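See below for the structure under consideration.
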2 protein chains.
Amino acid sequence: MDSRGKRATLQTVADAVGVSRTTVSNAYGRPDQLNKDLRERIFEAARRLGYSGPDATARSLRRGRAGAIGLVFTETLSYAFADPYSVGFLRGVAEVAEASGTGLLLIPMPPAGGGDSETAVRNAVVDGFCLYCVPKGHPAKELIRARGLPLVTTDESDDPSIPYVGIDERASARLAGEHIARLGHRRVAVMVDHVVGPGVSGPASLDEQLASDCADLRGRLAGYRDALEEAGVDWSSVRVVAAGRNSRSASASAAAHFLDVAERPTAVLAIGDVLALGVLDACEQRGLAVGRDISVAGFDDVPEAGRARLTTVRQPMGEKGRLAGRLLLEPPEEEKVPRIKLPTELVVRATTGPAPH
Amino acid sequence: MDSRGKRATLQTVADAVGVSRTTVSNAYGRPDQLNKDLRERIFEAARRLGYSGPDATARSLRRGRAGAIGLVFTETLSYAFADPYSVGFLRGVAEVAEASGTGLLLIPMPPAGGGDSETAVRNAVVDGFCLYCVPKGHPAKELIRARGLPLVTTDESDDPSIPYVGIDERASARLAGEHIARLGHRRVAVMVDHVVGPGVSGPASLDEQLASDCADLRGRLAGYRDALEEAGVDWSSVRVVAAGRNSRSASASAAAHFLDVAERPTAVLAIGDVLALGVLDACEQRGLAVGRDISVAGFDDVPEAGRARLTTVRQPMGEKGRLAGRLLLEPPEEEKVPRIKLPTELVVRATTGPAPH
DNA sequence: GATACAGACTTAATCGATACAGAAGCGGTG
DNA sequence: CACCGCTTCTGTATCGATTAAGTCTGTATC
């Protein structure tokens, strides 16, 4: 292995063997195009020269295919991976990617980002981007569109020109809301992660709710509201509390805002299962019998929800990921922008029951 | 925006404006090299022609820098992300990557892999690879070495030519073992994830323990053994149980193998915190008072461990990731291969106490 | 004996951009 | 007028590979 001098290239090897560059290229990429013995001789020479096979970048350039898709996060990775829902989605994308030998390029763009994530987006060698949970007005979207590559989002955004795969947030949340209303609950609280900015916890005003960054959050809130108002519950009486972060423990703490007050709600709707699980923790701490004293419903149906017997709305997160991946890897021929809504389903388990009294 | 015809390139724009290709390139990459007005005119033309800025692949080729580092997993993503330790490590890598506008290319290579992960490795446009928890004999290592790019592992492997950043698994595990021995425990069980292959749960023989794929697992087992034998405990009396997967629930189930027997151990050493938490769950189910009736120690010190008041060995996972990332992004000049061992520390909390009786 | 055809390579064009050495134009100066 | 440093561009040579089309052989077919 000669590690001195210039790095070996196809040409180097070709010269050493006394054949053309093309033949060496074929030796790697199209074994059927040349004689078996010659192929061996070429590999032998390559080994001797320390040539490590065709350069991935050059190959990408020539082929016009990067062999990777970009996943842009608007949060830090630890935040993103803390939620089993994200992991499920990511796994779905990874499944289809892996099947076609494609890599997944993670690009974190946290809002606080002192780092240079714009560079990362601009230099990303990918065949397409998947934009995952973008708050309104985040620079990511523009930056990515500027790249002019295929793009898929999971947020039903205002922009109908971007392919989208997701669920009907509003109608799905409504299912949970109706379930709660049907059980006779009239004093309800809602737990969300963060309304305006991250880190801010506590009760959220109506204005704040409507100004929320994230389309999915807004959709779900609207769904809960639809159901409850239909049942005659005044939305202004519904306490909407932000946990500040999308974590079980943050939710458990924030639950104090409605659990430790005089007129405790009989039901809690959480915007996601992780938050719902936190509420369950808080109830347990206080010795409340969930399903009798108080009802709790979540959203997503992550694996842990099943174990905790949590009533929730199931959305097919793996399927969502797979679909998003497929949309990027094999963009459909059709003219019209695909906008796919996957089915959801209310899963009633043990954490919801008739309103007490 | 003219989306018809051939894709616009630097040349297209240059021709339209009537300047050289170089100048257009400079407009994007070195604004100081040309007149401000001209630069504006160039951008204007670019917009008109639908040119989306320099092509990332071509730029990478010319610059000789990919702007990404590859992270190779030997497990499925959901498995990898289920452990907060992995997430912590990943976050560390992401931090330094992000600071320099570098992306993270995830390449899953699960052993069962029907997919084409070899292609993914070969076509990965990256500046270096980080190999994360590789079982012995996994094809990944060879495949990656063949690429001839910088490489860092987190497993202290047999191959000293690969830069490495990790901890002294054996000595660290010994800390936990000694702690348990010092508390007077003589009947001890050990919980591991999987010894030989994934999915297989239940007691593991000595041979199986030594044949274990993963270097870190072997190291930790050796450390526990060192400490216990030194205290006069016969290792063959120590029940080593595999959970089959590295998950809390799998561990809770597998704990039955030593909790529901006549001579129940007074202490359990888990190879990782996630498993330890599972053991705690199992103890709780059985009404055992952890810290009194039975002691449990983990390894890693993931955030949840603190909340559960779990005695464990802290390893700096974030730091490990940052270091690995830095090693790839700015390879040190020195001749000798860096092999860094980070410090660890025993964190005694509430789940360990004197042996009963 | 002419034609077709497969096998094994080679030629030349191309992918889209960047680096580096120059060159033109400028006002000023001895 | 030759020469200076400075800014603002241009020309050309890469970066490392893939691919379509073409050139030879030699052999099978009619």
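Residue numbers start from 1 in every chain, and the chains themselves are labelled A, B, ... in the order their sequence lines are given, proteins ahead of strands. Just so it is clear, the model here is predicted, and its values are computed rather than measured.
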Closer than 4.0 angstrom, basic N to acidic O: yes or no for A/D159 and A/K141?
no

Could you state the CD-P distance from B/Q33 to C/dT18, rounded to the nearest angstrom?
13 Å

What's the NZ-C1' distance between B/K36 and D/dT7, to the nearest Å?
16 Å

Tell me yes or no: between the side chains of A/Y132 and A/S86, is some donor less than 3.5 Å from an acceptor?
yes

Quick one: is B/R59 getting a side-chain N or O under 4.0 Å of the C/dT18 phosphate, OP1 or OP2?
yes

Under 4.0 Å: is that the gap between some side-chain N or O of B/R30 and OP1 or OP2 of C/dA19?
yes

Starting from C1' on D/dG16, measure out to CZ on B/R147 and report it in whole angstrom.
13 Å

Closest listed nucleotide, where the reference is the side chain of B/L61 and the choices are D/dT19, D/dT10, D/dG16:
D/dG16

Can you tell me if the side-chain N/O atoms of B/S20 get under 4.0 Å from OP1 or OP2 in D/dG11?
no

Given C/dT18, C/dT10, D/dT18, which nucleotide is nearest the side-chain atoms of A/L10?
D/dT18

Roughly, in whole Å, what's the span from CD in B/Q11 to P in C/dA17?
10 Å

Pairing partner of D/dT19, by Watson-Crick or G-U wobble and under 3.5 Å for both distances, is C/dA12

Rounded to whole Å, CZ of A/R65 lies from C1' of C/dC15 at a distance of 16 Å

A/N35 atom CG is separated from D/dT25 atom C1', nearest whole Å, by 14 Å

Gap between atoms CZ and C1', on B/R21 and C/dG16 respectively (whole Å)
8 Å

Side-chain contact check for B/R62: nearest option of D/dA17, D/dA13, C/dA12 is D/dA13

With the side chain of A/L38 defined as its heavy atoms from C-beta on, choose the nearest nucleotide among C/dG16, C/dC9, D/dA17.
C/dC9

Below 30° counts as parallel, above 60° as perpendicular, anything between as tilted: where do the rings of A/F81 and B/F81 land?
parallel

Nucleotide C/dA8, atom C1' - distance to CG of A/D37 in whole Å:
12 Å

On the nucleotide D/dT18, are OP1 or OP2 found under 4.0 Å from the side-chain N or O atoms that A/S25 carries?
yes

Could you tell me whether the side chain of B/Y164 reaches within less than 4.5 Å of the side chain of B/V337, counting heavy atoms only?
no

Will you find, in the side chains of B/T12 and B/T9, an N or O donor that is under 3.5 Å from an N or O acceptor?
yes

Which of the following nucleotides, D/dG11, C/dT10, D/dG16, is nearest to the side chain of A/A58?
D/dG16

Could you check which nucleotide pairs with D/dC9 in any of the strands shown, counting Watson-Crick or G-U wobble with both distances under 3.5 Å?
C/dG22

Are A/R41 and A/D37 packed together at the side-chain level, in the sense that at least one heavy-atom pair is separated by less than 4.5 angstrom?
no

Does OP1 or OP2 of D/dA17 have a side-chain N or O of A/Y51 closer than 4.0 Å?
yes

With a 4.0 Å limit, can you tell me whether B/T22 has a side-chain N or O closer than that to the phosphate oxygens OP1/OP2 of C/dA19?
no

